[in-house]
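One structure is given here, and the rest of the page talks about it.
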Amino acid sequence: MSLASLLRFPDFSRRPALAFISRRSGPFDGEVTLDKHRVYILPTKIGVLFSLLLIILLLGSVNYGKSLGYVLVFLLAGVGNVAMLATWRNLAGLRLRAGGCAPAFCGEPVRFAVQLQNVDAMRRYSIAISQNGTEFEVVDVGPDSVAQIHFSKTSAQRGLLDAGRFRLSTEFPTGLFVAWTWIELKMQCVVYPKPATRARLPVGSSVIDGDQNRLSGGLEEYSGLRKFLEGDSWRRVSWKATARSDELYTKEFAGGAPELQWIDWSTIAAGSAEQRLAIMTRLVLDAEAARRHYGLRLPDYEIPPQHGTLHCQQCLKALALYGY
Amino acid sequence: MGTSRHSFSQDRLTAKLGPVLLGIHIVALPLYPHMPLPVLLTVVLFSIWTLLIILGRVVQPGRLTMVLLACIVVAVLVLSFGTIFGQQPGSAMLLLLSFLKLFEMKSTRDIAIVIFMGFFLIASNFFYSQSLMIAIYVFVVVVYLTSVLIVFSDRLGTTRFIVRVQHSLQMILLAVPLMLILFVLFPRVPGPLWGLPKDTQTAATGLSEAMSPGSISRLVSSGEVAFRVKFVGKPPPRSERYWRGLVLSKYDGKTWRSDNAPSDTYPRLSRSEGADTSYDYTVMLEPHHRRWLFALESIVEYGDEQNLTRELQLLSTDPITDVTRYSLRSDTTVRNLGLFESERGKNLDLPAARNRQTVEFARALFGDSNQDGSTYVKKVLQHFGEQAFFYTLTPPLLGINAMDDFLFRTRRGFCEHYASAFVYLMRAVSIPARVVVGYQGGAMHPFDDYMIVRQSDAHAWAEVWLEGQGWVRIDPTAAVSPTRIQNGIASAGLERDLLPSILVSENAWFQRARLLWDSFHNNWNLWVIGFDQQRQQRLLALLGMKDVSSSELVIGLVLVMTCAVGLLAWWVLLSEPARQRDVVRAYYDKFCRKLQKAGVSYHPHECAGELMARASRVLPARERELAMITADYQCLRYGDDPDPRRRERFIRAIRRFRPS
């Protein structure tokens, strides 16, 4: 059993004797204190080398009968012991809480934050976080203060992503020992569907509500032309300008109420639900980028037309969690 | 395993090389005086190179350059020592290799290896000295090297130098009790496990194999301790403190040498009747890198590790490279009677056709003494005492007829002049005689129970073989300067500026401090340097454990160590960690815990008011109490008037608070 394999989270199906580790590692809701049951410690390769050095020095001292050699070896052995305790102490007693996350699109890394609270009067140095053997960040936690440490995880599926079990470790102060813990906090993050690269709004999906009259009544002033963007209303296409060049142009109006648009599940023609969601995601993003008012209609859920970052996130979340 | 190996980017790593380079020099500092010039020059070159790498002027050498450098290191070692094996070339190689390791530094692990090489280097100092000063130095070095280890485990580089030293010091102070336990209880295995290295001749002050004018007077200016003696019972009177070292019987006209011929015969001893004049004592001899040992005359009992020659010289089987302890019994009245034919010839031999005047003077005086040895000896001593002979540390130089010059012209000399002139005068009339060098004197420590014999007590005297009496000690210096023998070298009227300050200083505080230091040093020698199986057993006996076997010792060691580490772990890990003492906060936390038990969980993002609102909904009966506690908390924590009565009320309310 190599050192490296010990530091990985063990495969409990193959090593039932180590199942206690699994029970102790969570998932925890709220705060968890890294007490003595959850912090493990082993010498690093440098630590093993150090003990080899001590053995050689001890043999030399015995052979040459050098008392100060004994003193040096025993002092260093003592330092090794204290270093073990100090490394353990650097991690143990830390309090962890879920620290939130930033939602991301499917295929992009999701950044989870973990709050590390140090209630002791001593500083904790060089605490690293890793998951599946990849290290993400190293932080110090000052005395009686809170620090945030982050790790990222990529999901291949939309929906809710569990943060999963991560590993906090430290080799401070000597690098002779590594103390670590495996912890899972109840922490989930929304993963939005991966947006389709391009999407065309199906004919008739864009409905101008009651404001239609105002529009036709010419209460708004024509303000200019711009290139057609996916999701633009067909009613506003300037056919004259389109005929002159081979591209579509949209007429823009100022002063009046913004254009309204429904992004409707039932009007999207796609092979599967996931494809449909991908197209709808794209439409939401485009509508938000075009600063239009848009609403979302899913078979079991409806979000009235609105605009802004919050609204966009709400729509994306609804798309992400569709079917959950 | 991404976390256990940190590959630093190259420039960050080289920036951290500074403390390591400094570390190598600190470690090697006590070794530098023992290193030959080529090695020192290489060290200087390598240091400059490392500095250039740190400053970014030079890139780290490639593989081919490294091979070349390794060849250069071997060449330098062979040039300096003729070999790369052995103890001195070994430490030189370790020193140079640690620089090579610095050059090819790639990861934290390389740094750790250099630091570990540093621990080896510091241990190789013990071949040269194990003094208290070296021990203190090693302690400092260990603190420093450990602080360098901290640099490399501090991944963010946030620790300042002083903080690292604090951390390191803290760890090492906690390690000291563990070290003491291991030191006392670890079973001592006597003798080497494999071959001992050949001793490296180092310049240690002390007597040499030969005596020529100036060789002893040179020593007198040294206040260094030659050896310390602990007597069982009373020490002998000052005039009997003749510590025999070497017997010199070969003379070439200038220099006296010892007769290295092997002797398979044993001394014939006789004890005169009378009072008990034997002394039991233990000598703690400072290393002088020779084999001879010092003893009072005449040795009657000695240990297994020592040999006694027929000249009653005590020799150790190996050169004395460490503080060595040996116990003897001597009897001042015992005389060596043996004089073998081969010995007689050697002890009469004189260089031919020299010092005619001296030989004539001797024959005339011998005739005046009726050819009687004892009378003749008395007359010669009388001559030294009555004529204008002077005892001085700065005698004039002597010519080819050294004895004629000394006895009839200069008449100024130190003990080696008087001893050699006396022996010459004896041999000139066929009385077997020889020179003995050693120490005369030694002072009892004023507030400790041992005697200090210093290099300044170095002395030379004579032994003559008289029919019926055997070998008799004659000290001609006593005839010239009786106070030298009676009161010691400091009161012999010598040039004070040539004597060591410890002997002539008028400053009482200085004297006291020096003696206190010596007492400390003696205990260091006894309990640390000289801590062997025998001492270990004695210490355990003091603690009430007699005849402890090695296996019992190991079991005891494991038990005690387990307890000690457990205790340390408990203290470091499980005792309540140092918290900031904030009583208000502590009680409010208690309040929150009580609420939690009642089903109102505490959210850290919530302010006190929000918690109270939620708690009131769950526990409507306690609303008044909750409101009061919360209001007091807000006042005490955020208000600018810390009212002690309010605080009392707040604490009392929380103590009494029973939500259910």
- prompt: Roughly how far, to the nearest 0.5 Å, is CZ of A:Phe172 from CG of B:Leu149?
  reply: 11.0 Å

message: A side-chain contact here means heavy atoms from C-beta on lying under 4.5 Å apart; do A:Leu54 and B:Phe119 qualify?
response: no

task: Check each atom of A:Leu52 against the heavy atoms of chain B and say whether the ones under 4.5 Å are side chain, backbone, both or neither.
output: neither

Selection from B:Thr159, B:Thr146, B:Ile115 maximising heavy-atom pairs under 4.5 Å formed with chain A: B:Thr159

message: Can you give me the closest heavy-atom contact between B:Ala175 and A:Leu75, atom names plus distance?
response: CB-O, 3.8 Å

statement: Counting heavy-atom pairs under 4.5 Å with chain A, the top scorer among B:Gln130, B:His167, B:Met171 is B:Gln130

message: A:Asn81 vs B:Leu568, test: side-chain contact (heavy atoms from CB on, under 4.5 Å). Steps then yes/no.
response: CA-CA 9 Å; A:Asn81 265 303; B:Leu568 197 66; 5.5 Å; no

query: Does any heavy atom of chain B fall under 4.5 Å from the side chain of A:Leu59, the backbone, both, or neither of them?
result: both

query: side-chain contact (heavy atoms from CB on, under 4.5 Å) between A:Arg123 and B:Val163: does it pass, once the steps are laid out?
result: CA-CA 11 Å; A:Arg123 193 181 179 83; B:Val163 174; over 6 Å; no

- line: Turns out that what part of B:Val148 lies under 4.5 Å from chain A's heavy atoms comes down to neither

query: Can you tell if the side chain of A:Tyr70 reaches within under 4.5 Å of the side chain of B:Leu182, non-hydrogen atoms only?
result: no

query: For B:Ser124, is it the side chain, the backbone, both or neither that has a heavy atom under 4.5 Å from a heavy atom of chain A?
result: neither

message: Just so I know, are the side chains of A:Val82 and B:Gln170 near enough to count as touching, which here means a heavy-atom distance under 4.5 Å?
response: no

message: Looking at every heavy atom in both B:Phe126 and A:Lys66, which two are closest together, and how far apart are they?
response: O-NZ, 3.4 Å

message: Tell me the closest heavy-atom pair linking B:Ser153 and A:Pro173, and the distance in Å.
response: OG-O, 2.7 Å

message: I need the minimum non-hydrogen distance between B:Asp322 and A:Tyr64, along with the two atoms involved.
response: OD2-O, 4.5 Å

task: Give a yes or no on whether A:Gln188 atom CD has more than 12 heavy-atom contacts from other residues, nucleotides or ligands under 6.0 Å away.
output: yes

query: What part of A:Ala77 gets closer than 4.5 Å to chain B, counting heavy atoms only: side chain, backbone, both or neither?
result: side chain

- prompt: So which of A:Leu57, A:Leu53, A:Val79, A:Val73 has the biggest tally of heavy-atom pairs under 4.5 Å with chain B?
  reply: A:Leu53

task: Give a yes or no on whether A:Gln157 atom CD has more than 12 heavy-atom contacts from other residues, nucleotides or ligands under 6.0 Å away.
output: no

field: A:Val71 side chain reached by B:Phe183 side chain, heavy atoms, under 4.5 Å
entry: yes

query: Under 4.5 Å between any side-chain heavy atoms of B:Phe186 and A:Leu58, yes or no?
result: yes

- prompt: If you count heavy-atom pairs under 4.5 Å with chain B, which of A:Val138, A:Thr174, A:Leu68, A:Thr87 comes out on top?
  reply: A:Leu68

task: Measure B:Val138 against the heavy atoms of chain A and call it side chain, backbone, both or neither at under 4.5 Å.
output: side chain

statement: When the 4.5 angstrom heavy-atom criterion is applied to B:Trp527 and chain A, the contacting part is neither

query: Which pair of non-hydrogen atoms, one from A:Ser67 and one from B:Ile529, has the smallest distance, and what is that distance?
result: OG-O, 3.3 Å

query: Is NZ or CZ of B:Arg155 both nearer than 6.0 Å to the six-membered ring centre of A:Tyr125 and within 45° of the ring axis?
result: no

message: Looking at B:Arg535, I want to see if its CZ is surrounded by more than 12 non-hydrogen atoms of other residues, nucleotides or ligands under 6.0 Å.
response: yes

- prompt: Which of these, B:Val141, B:Ile122, B:Asn125, sits in a side chain to side chain contact (heavy atoms under 4.5 Å, CB included) with A:Leu72?
  reply: B:Ile122

- prompt: Among A:Asp140, A:Thr170, A:Asp35, which has the most heavy-atom pairs under 4.5 Å with chain B?
  reply: A:Asp140

- request: Measure the CG-CD distance between B:Leu156 and A:Glu137 for me, rounded to the nearest 0.5 Å.
  value: 9.0 Å

- prompt: A:Lys45 and B:Arg109: which non-hydrogen atoms are nearest, and at how many Å?
  reply: CD-NH2, 3.8 Å

Interatomic spacing from CD1 in B:Ile113 to CD1 in A:Ile46 - rounded to 0.5 Å: 8.0 Å

